[in-house]
2 protein chains.
Amino acid sequence: MRVKSGNGKNAVNQIPEPTLRRLPGYLNFLKVLRTNHVEFVSSGQIAINFKMDSTLVTKDLSYTGIKGRTKIGYNVDQLIDTIIAFLDFNKQENAFLFGVGNLGKALIKYQGLRSYGLNIIAGFDTNPSVVNTVLNDIKIHPVDEFRDLSRKFNVRLAIITTPDARAQEIADLVVAWGIKAIWNFTPQSIKVPDNIIVENTSVYSDLAVILNRLNQ
Amino acid sequence: MRVKSGNGKNAVNQIPEPTLRRLPGYLNFLKVLRTNHVEFVSSGQIAINFKMDSTLVTKDLSYTGIKGRTKIGYNVDQLIDTIIAFLDFNKQENAFLFGVGNLGKALIKYQGLRSYGLNIIAGFDTNPSVVNTVLNDIKIHPVDEFRDLSRKFNVRLAIITTPDARAQEIADLVVAWGIKAIWNFTPQSIKVPDNIIVENTSVYSDLAVILNRLNQ
DNA sequence: AATATATTGTTATTTTATTAACAACTCTGT
DNA sequence: ACAGAGTTGTTAATAAAATAACAATATATT
């Protein structure tokens, strides 16, 4: 049996994913420059910082629609605003988080995410020791209450930080109630309908890269 | 100024990074199969699970040296062992962790990493409220004690989970004392000599992808 | 025993991403 | 005014990754 890839690529699919993944890094660097009152930056300077080719930086930035000035570079303030708008970091995307263990707690407490457009509005867990507690003004509910809350708030994104074995059942639950995207922090691969967006974040891939580089 | 990429690619560079990043996912899936007493698996079955092309799975697995059997597939137990050995998940790589905040604590407490070859042997922080505490049998030291401990243990890997502004100074410190690789969880890009391995893990890239998919 | 078929594993092709080349431009210094 | 150099932004070439094609083979079925 030869299985063909199921990439639903009827959509426009404009920006390359590698570019999308690099932009937040540029943004962070630019914010440091702004703090240091740097007014203009060239793609070459950015490239040096990230040890990459300056052409690639120029190309990445061109996707955002920013215009640079020959011999001068890009206006730092303007570039920051442009990237933030391009990445939708200026809108607030509400999210529910499932599994308030160590990682879940860390994400809830991490203020950084809020200024990057992610607004966790409620946590869910089954463990009585965290249920009904409040972390950073965010209440942790029993999982049963998810249906009611999902009706009250129009939430499109669910973050899964449960133990591995629970990931699929939570995915099934949230999909059944209209969630559009899942950010899966467990190493478990989850099965969802094709129209649901899944982003897997697992430290094991990064660890594999590090160990490989160290041992080769 | 045209900046050229500084990829130190004089090394052999055998396995493609995308392959390396996919292998831990396969491994996790295989462990589930083993739990369910499945003896053989084909690349097609793995491909369906991850919604990818089966040829790619075959190719990925071939890098590990595993041999499959026509019409049968791969022996699950053997494949697990082969991938674990290939990724060096069976060796224990000792690591120091800097910055015992929410994320740092989560990583220290996360037992999963230990069975994937990562052994955090000490934490470091400047905050008196965590210094000299013990988490999961792992002691948190003041940063001053790093030099002594780095002499005592031969540690090659440093994990940075400090506030952004501290990332560079910690990087400088650990590089000065012989660390070979840095796993940087801050969004801050750090400058290190070319021979030092840096792996950046930032949730912002993943967030950018999710928001882009949701809003397009 | 012969046939059909699922599967591996390799090679070829296509697609995607990166790097190189270069024209156009604009600022600085003479 | 003019030369020179740094820079953008686009197009061309190269490199890398993913997909397709297919030969070889082992198993199950008739």
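Each chain gets a letter, A, B and so on, in the order the sequences are listed, and its residues count up from 1. No experiment lies behind these values; they were computed from the predicted model shown.
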So that I can tick it off, tell me whether A/Glu169 and A/Lys191 are bridged by a salt bridge, with the cut-off set at under 4.0 angstrom between side-chain N and carboxylate O.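 No salt bridge links A/Lys191 with A/Glu169.
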Of the options [options], whose atoms approach the side-chain atoms of [X] most closely?
X	options	result
B/Arg22	D/dA18, D/dA20, C/dT8	D/dA18
A/Leu56	C/dT18, D/dA18, D/dG9	C/dT18
B/Pro18	D/dA17, D/dT8, C/dA20	D/dA17
A/Thr58	D/dG9, C/dT19, C/dA17	D/dG9

For salt bridge (charged side-chain N to carboxylate O under 4.0 Å, His left out), just list the numbers for B/Glu199 and B/Arg21, CA-CA rounded to whole Å, side-chain angles, deciding distance to a tenth of an Å, and then say yes or no. CA-CA 13 Å; B/Glu199 179 70 17; B/Arg21 292 190 169 279; 2.6 Å; yes
Restricting to pairs with a member in residues 105-114 of chain B, which pass side chain to side chain donor-acceptor pair (under 3.5 Å), not counting sequence neighbours?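 Passing the test, one end in residues 105-114 of chain B: A/Tyr204-B/Tyr110, B/Arg114-B/Asn119.
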Interatomic distance where [atom1] belongs to [X] and [atom2] belongs to [N] [whole Å]:
X	N	atom1	atom2	value
B/Arg21	D/dA17	CZ	C1'	15 Å
A/Leu20	C/dA17	CG	P	11 Å
B/Asp53	C/dT7	CG	C1'	14 Å
B/Leu23	D/dA17	CG	P	14 Å
B/Gln14	D/dA16	CD	C1'	16 Å
A/Lys67	C/dA24	NZ	P	17 Å
A/Met52	C/dT18	CE	P	8 Å
A/Asn75	C/dC27	CG	C1'	17 Å

Counting the atoms with a prime plus P, OP1 and OP2 as sugar-phosphate, which does B/Lys59 contact under 4.0 Å by heavy atoms, base, sugar-phosphate, or nothing?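 Since a base atom lies under 4.0 Å of B/Lys59, the category is base.
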What do you reckon, is CG of B/Asn154 surrounded by more than 12 foreign heavy atoms closer than 6.0 Å?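 No, not enclosed.
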With a 3.5 Å distance limit and no angle check, can you tell me whether B/Asn75 reaches the backbone of B/Gln78 through a side-chain donor-acceptor pair?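 Side chain of B/Asn75 to backbone of B/Gln78, a donor-acceptor pair under 3.5 Å: yes, one is there.
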Can you name the residues that form a side chain to side chain contact (heavy atoms under 4.5 Å, CB included) with B/Arg156, not counting sequence neighbours?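 B/Arg156 satisfies side chain to side chain contact (heavy atoms under 4.5 Å, CB included) with A/Leu214, A/Asn215, B/Glu93, B/Lys180 once adjacent residues are dropped.
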Does a side-chain N or O of A/Tyr74 approach OP1 or OP2 of D/dG9 to a distance below 4.0 Å, or not?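 For D/dG9, OP1/OP2 do have a side-chain N/O of A/Tyr74 under 4.0 Å.
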Any side-chain N or O of A/Ser43 under 4.0 Å from OP1/OP2 of D/dT8?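 A/Ser43 to D/dT8 OP1/OP2: side-chain N or O found under 4.0 Å.
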Taking only nitrogen or oxygen atoms into account, show me every contact under 3.5 Å that the protein makes with nucleotides 24-28 of chain D, one pair per line with its distance.
unit_1, atom_1, unit_2, atom_2, d
D/dT27, OP1, B/Arg69, NH2, 2.5
D/dT27, O2, B/Lys71, NZ, 3.0

Closest-nucleotide 5' rank along DNA chain C - winner of A/Glu17 and B/Gly73: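 Nearest nucleotide further toward 5': that of B/Gly73.
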Relative to each other, are the rings of A/Phe185 and A/Trp183 parallel, tilted or perpendicular (30° and 60° limits)?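 Rings of A/Phe185 and A/Trp183: tilted, as their planes differ by 30° to 60°.
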